[in-house]
A.B. asks: 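Structure provided below as structure tokens; questions to follow.
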Protein chains: 4
Amino acid sequence: MSPRTPEQNKKIREQTQQKIVDAGFTLFAREGYASTSIAAIARKAGVSKGLIYHYFDSKEAILSTIFDQMIDLGDEILDFPDDFTPADKMRQTLQETFQFIEQQTGKGRLMITLALQPETYSNLQSKIERVNETQTVKYIEMLRELGHQQPELEAYRLGALMDGILMGYATMGEAYPLEKMKKKIMEDYVPS
Amino acid sequence: MSPRTPEQNKKIREQTQQKIVDAGFTLFAREGYASTSIAAIARKAGVSKGLIYHYFDSKEAILSTIFDQMIDLGDEILDFPDDFTPADKMRQTLQETFQFIEQQTGKGRLMITLALQPETYSNLQSKIERVNETQTVKYIEMLRELGHQQPELEAYRLGALMDGILMGYATMGEAYPLEKMKKKIMEDYVPS
Amino acid sequence: MSPRTPEQNKKIREQTQQKIVDAGFTLFAREGYASTSIAAIARKAGVSKGLIYHYFDSKEAILSTIFDQMIDLGDEILDFPDDFTPADKMRQTLQETFQFIEQQTGKGRLMITLALQPETYSNLQSKIERVNETQTVKYIEMLRELGHQQPELEAYRLGALMDGILMGYATMGEAYPLEKMKKKIMEDYVPS
Amino acid sequence: MSPRTPEQNKKIREQTQQKIVDAGFTLFAREGYASTSIAAIARKAGVSKGLIYHYFDSKEAILSTIFDQMIDLGDEILDFPDDFTPADKMRQTLQETFQFIEQQTGKGRLMITLALQPETYSNLQSKIERVNETQTVKYIEMLRELGHQQPELEAYRLGALMDGILMGYATMGEAYPLEKMKKKIMEDYVPS
DNA sequence: AATGAATGAGTCTTCATTCAT
DNA sequence: CATGAATGAAGACTCATTCAT
């Protein structure tokens, strides 16, 4: 009955799905998960409500997908070329993290909010933990390579610091001294 | 003239109000503001839904009251005797902050969540800002007294660090190396 | 136990009751019966909600009492000295009716609204009918004395006219040409 | 592209919407606006409460739509062919008005009730005023053409009279001498 | 006589989800 | 693949009424 080839269909499917995920992400980040309605997502994505349920089982499934994509993206951040020195790695990691903080504030805000409500979004919990762990492991490795004494503890400290900066920037916006913080932290952690 | 004396009434009022605030606080902290229903608060507080509106104008008013109580508590934390040396002040501040993180995790979680959703609870925004400012100012002063070069920037860093630790502990719970972090940070900031 | 004499008590009772009736009347007239809350009446009357239920069985009972008082007042309007000529009677009746329209607009508005919702205020219905009948009978008598051919029909017409004017004035307020209408109608119905 | 054709949808929409409007109208007229619940409208219309909000933004929006439909109907009443003499026009106007009073008593009752509560439904107020004005203007013109001395005042009188008759009939129902009134008024205003 | 704390049914409204087409 | 009409449970909030004192 359909005049479309399977390939076309697949492409359409993926595009539509992505439109929904993008719309959902934007709104979740801006308004929060609970305050964002399926109707609003449908509107922003330019599709019908029904179609959303064609692609996703529930509102939470959208969130879950968004989360997966965020994780994939996070993994990319933490990957670098083989010829990088430990200092290069740290520099790039910090730079990219600060870039994320500045440019994807909404994303960060959303992640924090979700991470802080384990009971409500229990099936995201394992994913969140995995993200944290992955990040911590990478930090530990880098810090060890850089010759820190207690790389594990130092990794927690660095992680907390970056989380705190994200929070500060997400809360205060432009009033937060993001650039200065970046400079200071780069100086501290990246031997020049 | 009144059958119950004004004192009796006042006491009843305060008790009931506090029951509602406590229930609201617990649930807001655990489930988030948006996901907590008035019905749930009423159930937990052991009162009727109607009574809640006898004491509070709206759901947001409950939140606001909770917030005020949290602020009062926060102000106490930041007060210390006159004969304290700068190091004493810093030591006590950090100790009390870590204690807060450990013992009042729910409160901390709630504050972060709220701070991160500026648009939704705009009338809390000013209060949150006040808290932040107060804390930052105190940090700056202490760090200056301790001889730090850039007390302001350092204050932001310390603030971010503590926020990040709160976040980590709130997310991971006992799995978070809170004690070790405390020790490390005390060593860093409090000259012994 | 009470230091008050029975007389004092009676007086207090009547005064309080009247305060409630007055407050209720004002609010019912201004906001409508359904939109007026017992709490609002209590506030305006300066008494507690509980006291209202000490004097009245229900919200509707207040309305009913208000109605009775309005009827008593209406009866007075239609009573005149024995030495009045038919023209005197008509003149005074019309004058007082116009005065009522102008000065007690709220009262009139309330009566119309209630009269128009028989299903809702069914136990007021008989009272309303009695008012209408009484008025019509008086009109018929006066019009017959004045020599009208079809006094009954003419009474309905005059009644409708006055009701319509009340409605117009209640709706338009000062924009309604009440004075001119009064003059015209007096000329028509009162031979001079 | 759509499974139901747009025409089908439009038809469904209009039908359902009209069912809601009809149910709302009946109940508003009988019980009053404030005393009619959305649940009652849904029940009478045979739809779910939710669907009502799919079609109308609020309870007041239903009322507003009802009103608009009533106005459209009213406008038709006041239009007549070009070759009508002034007497023809007046005759037809009165006839149609009486017909409205008799057959659309509920509509009339609702309009009066709403007109009498200016503060509550303020955004209907302008519409009501427009209706009144339109009607008055038409009356004035007709009465002038018929040679009345003070057509404006006479228009107000005629308007009041018809309003009063509507009220009487709406209140008393069959007990009201509607036919006789009609005959009398026709004789008075339409030269034969 | 009087208060006001307390209740619970009911109000308008929202929204995730289903389903006929 | 796609639509949007329809549902029903739940949400915040109101209010007439009761009751202990």
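Note: hydrogens, waters and symmetry copies are ignored here, and every other heavy atom, side chains too, is used. The chains referred to below are lettered A, B, ... by the order of the sequence lines, with proteins before strands, and numbering in each begins at 1. Because the structure is predicted, anything quoted here is derived from the model rather than measured.
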A.B. asks: What's A/Phe56 touching, base or sugar-phosphate or nothing? Going by heavy atoms closer than 4.0 Å.
C.D. replies: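 No contact.
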A.B. asks: Return the value, rounded to whole Å, for the distance between atom NZ of C/Lys59 and atom P of F/dT18.
C.D. replies: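 After rounding, the reported distance stands at 15 Å.
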A.B. asks: Salt bridge check, B/Lys127 against B/Asp68: does any charged N sit closer than 4.0 Å to a carboxylate O?
C.D. replies: yes
A.B. asks: Measure across D/Tyr33 and D/Lys59 and return the closest heavy-atom pair with its distance rounded to 0.1 Å.
C.D. replies: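 Scanning both residues completely, I find the closest heavy atoms to be O-NZ, 3.1 Å.
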A.B. asks: Would you mind reading off the distance between D/Leu51 atom CG and E/dC15 atom C1', rounded to a whole angstrom?
C.D. replies: 14 Å
A.B. asks: Are B/Tyr53 and F/dC13 close enough that a side-chain N or O sits under 4.0 Å from OP1 or OP2?
C.D. replies: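 So the side chain of B/Tyr53 is within the cut-off, an N or O lying under 4.0 Å from OP1 or OP2 of F/dC13.
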A.B. asks: Rounded to whole angstrom units, what separation is found between the CZ atom of B/Phe28 and the P atom of F/dG11?
C.D. replies: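 Distance, rounded to whole Å: 13 Å.
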A.B. asks: So what does D/Ser35 hit on the nucleic acid, given a heavy-atom distance under 4.0 Å: a base, only sugar-phosphate, or nothing?
C.D. replies: nothing
A.B. asks: Could you state the atom-to-atom distance from CD1 of C/Ile38 to C1' of E/dA6 in whole Å?
C.D. replies: 17 Å
A.B. asks: F/dG11 P sits how many Å from B/Glu60 CD, rounded?
C.D. replies: 18 Å
A.B. asks: Of all the heavy-atom pairs spanning D/Leu27 and D/Thr36, show the shortest one and how long it is.
C.D. replies: O-OG1, 3.2 Å
A.B. asks: Let me know, please, whether B/Arg43 or D/Thr16 comes out on the 5' side of the other along DNA chain F by nearest nucleotide.
C.D. replies: D/Thr16
A.B. asks: In whole Å, what is the span from the NZ atom of C/Lys49 to the P atom of F/dA16?
C.D. replies: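 Checked: the NZ to P distance equals 9 Å.
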A.B. asks: Give a yes or no on whether a salt bridge exists between C/Lys10 and C/Glu14, defined as a side-chain N under 4.0 angstrom from a carboxylate O.
C.D. replies: yes
